[in-house]
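All remarks here apply to the structure that follows.
A note on names: the letters A, B, ... follow the listed sequences, proteins ahead of strands, and every chain is numbered from 1.
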Amino acid sequence: MKPGDAQLLFMTDLTSPWLILALVVLLVMVGLITVSLVASSGWKKGIVFAALRLGSAIVLGMVLMQPAWVTFESREFSLPREWSHKTVSILPESFVRRLLPPWFRQHEPPERFEADVEVQAVSVPPSAFLKGECPVSVTVANHGRRQEGELVVSRLTEEGASVKFRQKMTLQAGRQEVRLAIVPEDVGRLAYSVALEGFPEDPNADNDVRVFGLTVVRDSLSILHIAGHPSWDVRFLREFLVGLPAAELVSFYLLLQAEDFAPHSGEELALIPFPTDELFLEEVGNFDVIIFQNFPLGTYFLLKDTHRQMLVRFVEQGGALLFLGGDEAYQLGKVEETALLDLLPVDLVQGEDAPYVAAPLGVEAPSEAVNHPVVDIQGADGSRPLEEGGLPLLLGANNVGSLTREGVGLLFAHDASSRYPLLAVRNYGKGRVLLVATDSLWRWAFPPDNSEAAREVYRQLMWNSLAWLSRDPRLDEARILSESSLDQAGTETLVRTCIQSDAVEPDKVVLDARWMSAVGKAGSMVVQARPESREGRCLKFRLPPARVGAWMVKALVEGVDSPLGSAVLALNPVGTSGPQWVREAIAPVLRNPPVPLDLDSRLGFDLENPSMAILVPHLEPLGFHPLWLAVLSLLLLSEWLLRRAWGYL
Amino acid sequence: MAGRWILALLLWVFVPSWVQAQSGSALQVGQLQVTPSVGSMSPVAVGHLGGEVERRTSIRMDSQVPLVPLEGNRLALFPLLFLPVREPLPMLGLKELGALSEWFVRGGMLVVDWQGGGGQVEQFRASLESWVTGLFPGATLSRIPRGCVLYRSFYRVEMATGRLRLVDDLYGVELDGRFVLVVSFNNMLATVERGRDGAFVHEVLPGGETQREQSVRLLVNLVVYALCLDYKDDRLHLDFLRSRRNWQLPGEEH
């Protein structure tokens, strides 16, 4: 039935025994009268009289069957939050009173829902900060009287559910919202559960728990920024870094070099020694990202091989390095002669070209890299400036050779004859490395044509780079989603995994899934799934049924430890809640032609907020229309006139 | 491949010569030309300042110092501009005010150096305040405290000097924690200007060569500040200077 459709309906149930009996009586009466009329008036006149009586009987039958002209209007009902319905009348009350029995009476709900308490929903922000309070809003419903119990929040791990805290609570009758805060202790995708425990009258434990996932990012980023020479690139990067709300920045810029003229004593300078031992041997582990900007990492006289080895170990253990170019970076620094070469995404073999190309250069993003999270930049108007071009020209770039086998080139600088890797990334151990082979990105931060788009590209590129380097889960290279909006325990879970970067071959991606129980210390289940099907760069996986808990899912390239992305897929109890039962009961009724619906008055369940959509019928009853009286009068008058004409009166 | 050749051709035809000339690592500063008469003197002094900065610090300076007219879009190519003036500043039209104001907001820094002597300094100051009112609604031209990072971004400098000592302080306007406009009343740029023989052109009064060195150091500080902003305000640096060198900033007490 569609809104706006019109149709003729009979409001009296055509299968009603009362109606059938009435129609049978009418037909029998018409039959007896016909026989009587034929016997008394002859065959022809008898048939005419019988036809007139039959017409009168049909008119009476139509009145009994209550024909109505019905049109439907789709209406969205906003329901008040505390609304507890007792009766749902689809037809106006005035019509209901005129209807003949039987009308539809909904069965009583199962008794086990009458004092049920349940966790209906959990709402959390898109992401939370490490060791910061994350607000959680829990919607609970008490379908019985006021009762007391506990709200328990647990973290789901491979060892089972670990209780984080318990909170005593008193549940009033009806639905209510409970606000609490959890403090995540790790970065990444975490799974939590909220459960109601110890409510004495609760007859149904199936719906007392709700599982949810939380994406936790660092509360702050500790950044060490080392620059070989002050430059516009240094200045605009510093302005960006200082403006980051959650960055702890330590900076060292080499303002003086041994060969600089010095008409001054050291005391007259505001300079301090570059504490290489403290930074690279003692404090290195306290930084999340270390930025080397146009810094002669290979030849700087204070830097020893032990310092460079520590940097390699720093990355192996999960740290991140960001290299920014300039005339002293890379090749002039002879980095290729140090252990650092192993972790770079480029080989630093330059060929015949000059190591630093001082010429205006354009930038291009290869099509296979445009979806990588570092360069996935979209303008406010939906444009993609890195792909479409139009950014200010760079003033120069380092020729850093070719990409290594592990390196992924995301941007390239080019002039008429050459193409140079401009932005390249790679994973190394547990850490990440990002290399930028120019010192004129500032041209995008301070564009010559005052282009806001270029400034936004600069900001987004820098933010994406830092987020990717620090493994911010929001910048995963694979996006993993469940196919259904609500995964249910006990059913298979279909998982869709889309690979963002074209540098990864989707056919080599597998899904590593670990089920974690929401209750107690049940052991975990580990599944490695291979794709069932592929659509473009998206793969579909199927996970087996599991009990209430969560799937911790990681997308991996076969043989590589570092995941492309991860997700938590919550498995919640199959719908056994009171409101769901009511909704399911109402649904078939609403799909039928207008039948009065009277729900049992003992039903105290709230319908799901905020709205309910139904097709509202508009009835134009035809049963008591004056037309029928006119037709009946005409039939009776016709019979009287014929009887008079034929001499029976 | 054909596309690249077309791009190369376009680059050579349309890219300004200054872009073709400079390297990304070298710092190029310009001299603002407000009108054909104001700011239009030869930028040789700014060029000599570049030489001093390059000799004394690790900063690479581009030897070319172009005159940058207020009109047109070249303003947005230079994050740091100098404006030497010898007469009160002219009133700016709305278009010029808008362009300059936007340049400041996006990251530009202007150093105004008064070279007109003591006779017209008050008129110059009044014209400058008129600029400030138009460029930064609600802001005023204020004395820059001696403890500000501008006085210690590279050298530790006690006060503002120049070829003359008319006003011992720098004045400026701060926007979002950054000085966008810095004003000297002492003709600082004259202290770095050299003749063909390499000797300084202008005599420095009354302090002679000591005063010249102080002026040059403050100019170097201004360039370093433009590049490093408040880097020298980082706690780690200040703590070291206070604890190891017994530094005490103006306004601080033991």
**OP:** Write down the atom of B/Phe78, the atom of A/Phe446, and the distance for their closest heavy-atom approach.
**Re:** C-CE2, 3.7 Å
**OP:** Please assess A/Leu256 against B/Thr57 for the test side chain to side chain contact (heavy atoms under 4.5 Å, CB included), listing each intermediate value before the final yes or no.
**Re:** CA-CA 5 Å; A/Leu256 189 64; B/Thr57 72; 5.7 Å; no
**OP:** Run the salt-bridge test on A/Glu328 and B/Arg60 with the 4.0 Å N-O cut-off and return the result as yes or no.
**Re:** yes
Original post:
Would you find more than 12 non-hydrogen atoms of other residues, nucleotides or ligands less than 6.0 Å from B/Glu203 atom CD?
Top reply: no
Original post:
Distance-only, no hydrogens or angles: does the A/Tyr253 side chain make a donor-acceptor pair with backbone N or O of B/Cys228 under 3.5 Å?
Top reply: no
Subject >> Atom CD of A/Glu388 with >12 non-hydrogen neighbours under 6.0 angstrom >> reply: yes
**OP:** Could you tell me the separation between the CG atom of A/Leu269 and the NZ atom of B/Lys232, rounded to the nearest 0.5 Å?
**Re:** 9.0 Å
Subject >> Within residues 232-247 of chain A or reaching into it, pairs that qualify as salt bridge (charged side-chain N to carboxylate O under 4.0 Å, His left out) - sequence neighbours excluded >> reply: A/Arg235-A/Glu239, A/Arg238-B/Asp230, A/Arg238-B/Asp234, A/Glu239-B/Arg178
Subject >> Residue pair B/Leu241 / A/Ala270: nearest heavy atoms and the distance that separates them >> reply: CD1-O, 4.0 Å
Original post:
Is any residue of residues 273-283 of chain A within less than 4.5 Å of chain B by heavy atoms, and which ones?
Top reply: A/Pro273
**OP:** Check whether A/Phe252 gets within reach of chain B through its side chain, its backbone, both or neither, counting any heavy atom under 4.5 Å.
**Re:** both
Original post:
Could you state the interatomic distance from NE2 (A/His225) to OH (B/Tyr231), rounded to the nearest 0.5 Å?
Top reply: 10.0 Å
**OP:** List in chain and number order the residues that pass ring-ring contact (aromatic ring centres under 6.0 Å, His included) with B/His48, two or more places apart in sequence or in another chain; answer none if no residue qualifies.
**Re:** none
Original post:
Do you know which two heavy atoms are closest between A/Phe236 and B/Pro79, and how far apart they sit?
Top reply: CE1-CG, 4.2 Å
Subject >> Heavy-atom side-chain contact between B/Leu236 and A/Ile272 under 4.5 Å >> reply: yes
Original post:
From A/Trp232 CH2 over to B/Leu27 CG, what is the distance, rounded to the nearest 0.5 angstrom?
Top reply: 5.0 Å
**OP:** Select, from B/Leu75, B/Leu80, B/Val224, the one with the greatest count of heavy-atom pairs under 4.5 Å involving chain A.
**Re:** B/Leu80
Subject >> CG-CZ distance between A/Leu271 and B/Arg156, expressed to the nearest 0.5 angstrom >> reply: 13.0 Å
Subject >> Heavy-atom donor-acceptor pair, B/His237 side chain to A/Ser251 backbone, under 3.5 Å >> reply: yes
Original post:
Is B/Ser58 reaching over with its side chain to a backbone N or O of A/Leu254, donor-acceptor style, under 3.5 angstrom?
Top reply: yes
Original post:
What's the spacing between B/Gln28 CD and A/Leu395 CG if we round to 0.5 Å?
Top reply: 9.5 Å
Subject >> Non-neighbouring partners of A/Ser402 that pass side chain to side chain donor-acceptor pair (under 3.5 Å), sequence neighbours left out >> reply: none
